[in-house]
Amino acid sequence: MPAAAVPMAPPPPHRPPVTLRRGLAGALVTALVAALLALAPAPAAQAAPALLSQGRPATASSQENGGTPAAAAVDGNLGTRWSSAFSDPQWIQVDLGAASALSQVVLRWETAYAKAYRIELSTDGANWSTAHSTTAGAGGTETVPVTGTARYVRVQGVTRATGYGYSLWEFQVYGNGDGGGPTLPGGGDLGPNVHVFDPSTPGIQAKLDEVFRQQESAQFGSGRHAFLFKPGTYNGLNAQIGFYTQIAGLGLRPGDTTINGDVTVDAGWFNGNATQNFWRAAENLALNPVSGTNRWAVSQAASFRRMHVKGGLNLAPNGYGWASGGYIADSKVDGQIGNYSQQQWYTRDSAIGGWSNSVWNQVFSGVEGAPATSFPEPRYTTLATTPISREKPFLYLDGNEYKVFAPAKRTNARGTTWANGTPQGESIPLARFYVVKPGTTAATMNAALAQGLHLLFTPGVYHVDRTINVDRANTIVLGLGLATIIPDNGVTAMRVADVDGVKLAGFLIDAGTVNSPTLLEIGPQGATADHAANPTTVQDVYIRIGGAHAGKATTSMVVNSDDTIIDHTWVWRADHGDGVGWETNRADYGVRVNGDDVLATGLFVEHFNKYDVEWYGERGRTIFYQNEKAYDAPNQAAIQNGSTQGFAAYRVDDSVTTHEAWGLGSYCNYNVDPTIRQHHGFKAPVKPGVRFHSLLVVSLGGMGHYNHVINDTGASTVPAGTSTVPSTLVSFP
């Protein structure tokens with residue numbers, strides 16, 4: 001943005017009885033054997049088979065309801081269970097974390113059992129072999145001998161014995177765990193840059209102030225911090241939140257942690273201009289603002305999630321200077337939200353008391369109390385629901401135990417997840433996470449992932465010399481305090497396999513000085529698996545090229561897996577800071593989507609040398625898009641795209657037949673050569689299934705212009721001259 005603007009182990013196998021002839025001969029033989037045994041060394045004891053599956057990640061084709069997840073069948077608790085939908089076929093599988101030699105599977109069925117089923121083995125989660133098959137399942141407890149080496153074990157239900165689904169109290173896999181079980185510990189402390197408070201902690205305000213002094217203007221610094229508040233009430237605090245700082249409650253709901261005071265972002269460090277207030281977060285708190293209104297004057301990469309403001313919310317800096325945010329989700333603001341000078345904003349699945357002002361582009365989906373669609377004046381675009389959403393995982397305290405809560409997926413969502421009590425989802429003990437601390441290598445991270453652990457990055461900066469590979473379904477990679485990953489030697493920072501339900505959240509990828517072909521890949525090229533029931537989510541994951549150093553990357557984010565949800569990302573080629581220049585921090589493409597049925601909610605992509613967003617997958621949807629073209633283009637020839645002047649900010653490929661988007665804006669500020677013309681902001685094929693709603697392009701002070709909004713449609717910005725007046729289009733075609 002511009003400166004301006006425990007189950008019992010199975011019994012050991014029985015030893016077969018030895019039969020000897022009765023009489024003297026037998027007695028002599030027995031005596032002889034006993035004597036020999038007394039002289040011979042004892043044989044080595046055979047290790048009992050180990051229970052490999054307990055507490056490991058489990059997935060299933062379906063579940064009957066929110067209280068019967070796959071994880072309940074591997075938790076060692078005979079009072080919890082997995083149950084499926086009432087149909088055939090269904091499956092449940094467990095990831096053992098590493099390939100292990102197997103000996104048996106124990107199935108402890110509930111009343112609803114399988115008459116016909118198979119036990120299948122896999123080393124990669126994709127290719128399966130049958131270790132056991134039956135059409136005469138008896139229910140109860142079945143102990144099935146198996147042989148083979150596998151990391152993944154699946155029970156494939158073929159025919160149900162009852163009219164209900166399949167239901168297992170426990171699904172237990174035994175084998176030789178030597179070399180295949182965990183070698184890295186899960187859990188542990190959170191490191192020095194996670195500051196945990198309870199209401200009796202002395203000096204809370206002083207600590208908040210100390211960190212703020214360090215972080216207020218440290219836009220490209222290395223400091224990273226997270227403030228975590230245990231459930232309770234805190235009085236008289238003003239938590240000023242600077243760069244790379246996260247504040248969050250440790251309750252399961254926002255109301256568990258209340259601050260009678262404020263969580264403030266302002267722009268005094270930048271003379272009242274909030275357009276560079278990036279990289280910070282507030283989550284899972286209830287606020288009673290001192291003045292009745294809380295100030296949160298932010299721009300890109302600043303999330304406001306699971307918050308309850310018992311009053312109003314002001315999104316502008318003191319003095320009402322410009323701001324260029326922002327994002328709210330799963331929050332409730334009892335009073336009015338004062339948008340004031342915010343150029344654009346996206347609010348999702350929340351409840352608000354009202355909204356004032358619109359500037360250029362304000363978008364709402366699933367928001368109770370949102371203004372009705374009125375684009376182009378006022379510039380509001382409102383969807384009654386969000387088609388698909390799943391809230392960001394978060395750390396919380398269950399008594400004295402840290403856990404991570406992973407909220408459940410919602411369809412056609414409206415309002416918060418917590419309004420009617422405890423939210424739906426899964427709680428995962430911190431012991432199942434590898435806690436990553438500064439100095440941890442990528443090799444260690446990958447070893448932890450291979451064991452079946454999730455990753456929790458503590459605040460810090462992490463250089464990686466190899467790709468972090470997330471290959472297991474339902475893995476969580478969660479960052480605290482804007483943890484930052486820098487790929488060295490031109491590697492891709494992170495790759496996700498084409499598996500279900502991976503959750504990436506709360507970290508920044510900062511391109512290294514050697515060009516990376518990609519920085520983040522979701523699924524391999526050619527991915528085809530259907531993840532509609534359990535999509536991968538990318539939330540508060542930001543990407544930066546340049547600014548802190550001269551970073552380079554050809555394409556920042558590539559989404560190959562179907563059904564992925566991108567929920568709030570800022571993908572930014574820096575326009576200011578260190579290592580900035582047309583070729584210095586070269587980055588041709590921002591986000592490329594190849595997967596089908598991908599949904600973006602809150603997509604910010606800026607300043608790329610060529611296309612900012614390219615979309616090749618079918619049935620893609622975007623709700624809110626914000627873009628700025630590269631300020632530093634040296635001349636018209638540098639951005640010439642064949643016969644077209646400039647590369648579109650958002651391009652849907654001509655091969656696509658179905659695509660839809662709401663609330664899209666692109667701005668130009670060609671401050672090196674203000675004579676540059678951009679033919680259009682958006683490009684798409686003209687087909688019945690391709691539809692756009694509420695589009696705009698803006699020339700910032702006449703520094704370059706757009707000839708059209710989309711394709712050859714929409715008025716030029718040239719007539720506005722040096723006035724910053726958007727050219728708008730209600731719909732296309």
For Asp498 and His531, which I'm curious about, is there any donor-acceptor pair between the side chains at under 3.5 Å? yes

Restricting to side-chain hydrogen bond (donor to acceptor under 3.5 Å, both in side chains), what partner residues turn up for Arg619, sequence neighbours left out? Asp597

Please work out which of the three classes, parallel, tilted or perpendicular, describes the rings of Tyr346 and Tyr327, given edges at 30° and 60°. tilted

Examine distances only and state if a side-chain atom of Asp530 and a backbone atom of Ala532 form a donor-acceptor pair shorter than 3.5 Å. yes

Residue list, side chain to side chain contact (heavy atoms under 4.5 Å, CB included) with Thr528, at least two apart or on another chain: none

Flag, side chain of Asp596 to backbone of Glu618, donor-acceptor distance under 3.5 Å: yes

Output for pair (Leu729 CG, Leu695 CG), nearest 0.5 Å, gives 5.5 Å

In chain order, what residues pass the side-chain hydrogen bond (donor to acceptor under 3.5 Å, both in side chains) check against Gln640, with sequence neighbours excluded? none

In the structure I gave you, are the side-chain heavy atoms of Val558 and Gln525 within less than 4.5 Å of one another anywhere? no

With a 4.5 Å heavy-atom cut-off, do Asp471 and Leu449 have their side chains touching? no

Would you please name every residue forming a salt bridge (charged side-chain N to carboxylate O under 4.0 Å, His left out) with Asp500, sequence neighbours left out? none

Output all residues satisfying side-chain hydrogen bond (donor to acceptor under 3.5 Å, both in side chains) with Ser122, sequence neighbours left out; order by chain, then residue number. Asp124

Flag for Thr518-Thr492: side-chain donor and acceptor within less than 3.5 Å: yes

For Tyr462, which residues count as a ring-ring contact (aromatic ring centres under 6.0 Å, His included) partner, sequence neighbours excluded? Phe457

Can you name the residues that form a side chain to side chain contact (heavy atoms under 4.5 Å, CB included) with Pro685, not counting sequence neighbours? Val652, Asp654, Lys687, Val690

Nearest-0.5 Å distance that lies between atom OG in Ser694 and atom CZ in Phe732: 14.5 Å

I need the minimum non-hydrogen distance between Val656 and His659, along with the two atoms involved. CG1-CB, 4.2 Å

Using the benzene-type ring in the case of Trp, are the ring centres of Trp82 and Phe171 under 6.0 Å apart? no

Quick one: ring-ring contact (aromatic ring centres under 6.0 Å, His included) partners of Phe394, sequence neighbours excluded? Phe405

To the nearest 0.5 Å, what is the distance between CZ (Arg390) and CD1 (Ile565)? 6.0 Å

Taking ring-ring contact (aromatic ring centres under 6.0 Å, His included) as the test, write out the residues that go with Tyr611, two or more places apart. Phe647

Output for pair (Gln156 CD, Ser61 OG), nearest 0.5 Å, gives 7.5 Å

Donor-acceptor check, side chain of Asp653 to backbone of Tyr616, threshold 3.5 angstrom: yes or no? no

Would you say Tyr166's side chain and Thr159's backbone share a donor-acceptor pair under 3.5 angstrom? yes

No-hydrogen, no-angle side-chain donor-acceptor test under 3.5 Å, Ser389 and Asp349: yes

Does Arg573 use its side chain to pair, donor to acceptor, with the backbone of Asn585 at less than 3.5 Å? yes

Between Ser53 and Val173 (side chain of the first, backbone of the second, donor and acceptor by atom type, cut-off under 3.5 Å), is there such a pair? yes

Check: Asn489 side chain, Val491 main-chain N or O, donor-acceptor pair, under 3.5 Å: no

Approximate separation, where rounding is to 0.5 Å, of Thr381 OG1 and Leu664 CG: 9.0 Å

Answer yes or no: is there a donor N or O on one side and an acceptor on the other, between the side chain of Asn560 and the main chain of Gly523, under 3.5 Å? yes

Ring-plane angle category for Phe604 and His568, please: parallel below 30°, perpendicular beyond 60°, tilted otherwise. perpendicular

ring-ring contact (aromatic ring centres under 6.0 Å, His included) against Trp662, all qualifying residues, sequence neighbours excluded: His693

Hey, are Thr440 and Tyr434 close enough side-chain-wise for a donor-acceptor pair under 3.5 Å? no

Residues that Ser87 engages under side chain to side chain contact (heavy atoms under 4.5 Å, CB included), provided they are two or more places apart: Ala85, Gln90

Going by atom types alone, do Thr386 and Arg348 pair a side-chain donor with an acceptor below 3.5 Å? no

Without hydrogens or angle criteria, can the side chains of Trp570 and Gln626 be said to hold a donor-acceptor pair below 3.5 Å? no

Any donor-acceptor pair under 3.5 Å from Glu391 side chain to Arg305 backbone: no

Centres of the Trp572 and Trp279 rings: under 6.0 Å? yes

Given 3.5 Å as the limit, does a donor-acceptor pair link the side chain of Asn711 with the main chain of Ala684, or not? yes

Do the side chains of Asp612 and Lys629 get close enough for a salt bridge, i.e. N-O under 4.0 angstrom? yes

Which residues share a side chain to side chain contact (heavy atoms under 4.5 Å, CB included) with His549, sequence neighbours left out: Ile486, Asp510, Thr513

